[in-house]
Amino acid sequence: MKLATLKMKINVKIRKLFQKRIIKAVIIMNVGFVACITLAVLFLVLGIMFALLKEKGAYFVSGFSTLNHPENYDKASISLDMRNQCFTYALILFLGAILSYFISAIIAIPTYVIWGIFFFKSVHLDGEKAFEKYLIK
């Protein structure tokens with residue numbers, strides 16, 4: 001009788017340990033997916049916002065409202081470029097999320113590196129320089 005009780009206790013402990021490991025593995029596996037999909041959805045929503053607002057969307061671009069004469073800039077082109085950037089970022093991050101889900105969570109790291117390169121390539125410290133290609137001639 002004691003032997004059966006001892007085996008039962010060991011089986012319960014092993015089962016609980018196994019369940020904890022499975023839960024940890026699922027959480028770890030999905031971190032890359034969750035990180036990529038969260039930003040992808042955010043950029044998709046921003047891209048849709050810029051697509052719907054058209055010229056009015058330029059006012060939501062960082063640095064545009066601080067320009068000396070914002071009426072001298074092509075607002076439609078600014079909004080169009082921001083829409084395209086947001087959709088590009090969303091595409092990169094959606095692909096990273098899919099690969100992270102099906103292959104490995106570690107794929108999220110190069111996805112964020114690629115996204116970071118594209119993102120910081122479009123960052124400018126000087127507002128006038130950032131918008132000079134949108135000046136109406």
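Keep in mind that this is a model prediction, so the values were computed, not measured.
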[X] versus [Y], closest heavy-atom pair with distance:
X     : Y      : result
Leu93 : Thr111 : CD2-CG2, 4.0 Å
Gly96 : Cys36  : C-SG, 4.0 Å
Leu46 : Cys86  : CB-SG, 3.8 Å
Ala90 : Ala40  : CB-O, 3.6 Å
Val34 : Thr38  : O-OG1, 2.6 Å

Calculate, to the nearest 0.5 Å, the distance between atoms [atom1] and [atom2] belonging to [X] and [Y] respectively.
X      : Y     : atom1 : atom2 : result
Ile107 : Ile98 : CD1   : CD1   : 11.5 Å
Asn84  : Ser77 : CG    : OG    : 10.5 Å
Phe50  : Phe60 : CZ    : CZ    : 8.0 Å
Leu67  : Glu71 : CG    : CD    : 10.0 Å
Met82  : Met49 : CE    : CE    : 8.0 Å
Asn72  : Asp74 : CG    : CG    : 11.5 Å

message = If you count every heavy atom of other residues, nucleotides or ligands that lies below 6.0 Å from Leu125 atom CG, does the total exceed 12?
response =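 No, CG of Leu125 has 12 or fewer neighbouring heavy atoms, counting only those of other groups under 6.0 Å.
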Leu91 CG: over 12 foreign heavy atoms closer than 6.0 Å = yes
ask   = Quick check: does any side chain N or O of Tyr112 sit under 3.5 Å from a backbone N or O of Ala35, one acting as donor and the other as acceptor?
value = yes
inquiry  = Is it the case that the side chain of Ser79 and the backbone of Lys75 share a donor-acceptor pair, with hydrogens and angles ignored and the cut-off at 3.5 Å?
reply    =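 Such a contact is absent between Ser79 side chain and Lys75 backbone.
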Can you get from [X] to [Y] by hopping between Ile, Leu, Val, Met, Phe, Trp and Tyr side chains that sit under 4.5 Å apart?
X      : Y      : result
Ile37  : Tyr101 : yes
Leu135 : Tyr59  : yes
Phe33  : Leu42  : no
Phe120 : Phe43  : yes
Val123 : Leu39  : yes

query = Can you check whether Phe64 and Phe131 have ring centres sitting under 6.0 Å from each other?
reply = yes
ask   = Tell me, do Phe94 and Leu44 make a side-chain contact under 4.5 Å, heavy atoms counted?
value =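 Yes, close enough: below the 4.5 Å cut-off.
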ask   = Given side chains that start at C-beta, do those of Ile78 and Lys133 come closer than 4.5 Å, heavy atoms only?
value = no
request  = Apply side chain to side chain contact (heavy atoms under 4.5 Å, CB included) to Asn68 and Glu128, showing your working.
outcome  = CA-CA 9 Å; Asn68 291 334; Glu128 297 291 331; 3.9 Å; yes
message = Students often mix this up, so state it plainly: with edges at 30° and 60°, are the rings of Trp115 and Tyr89 parallel, tilted or perpendicular?
response =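 The rings of Trp115 and Tyr89 stand perpendicular, inter-plane angle above 60°.
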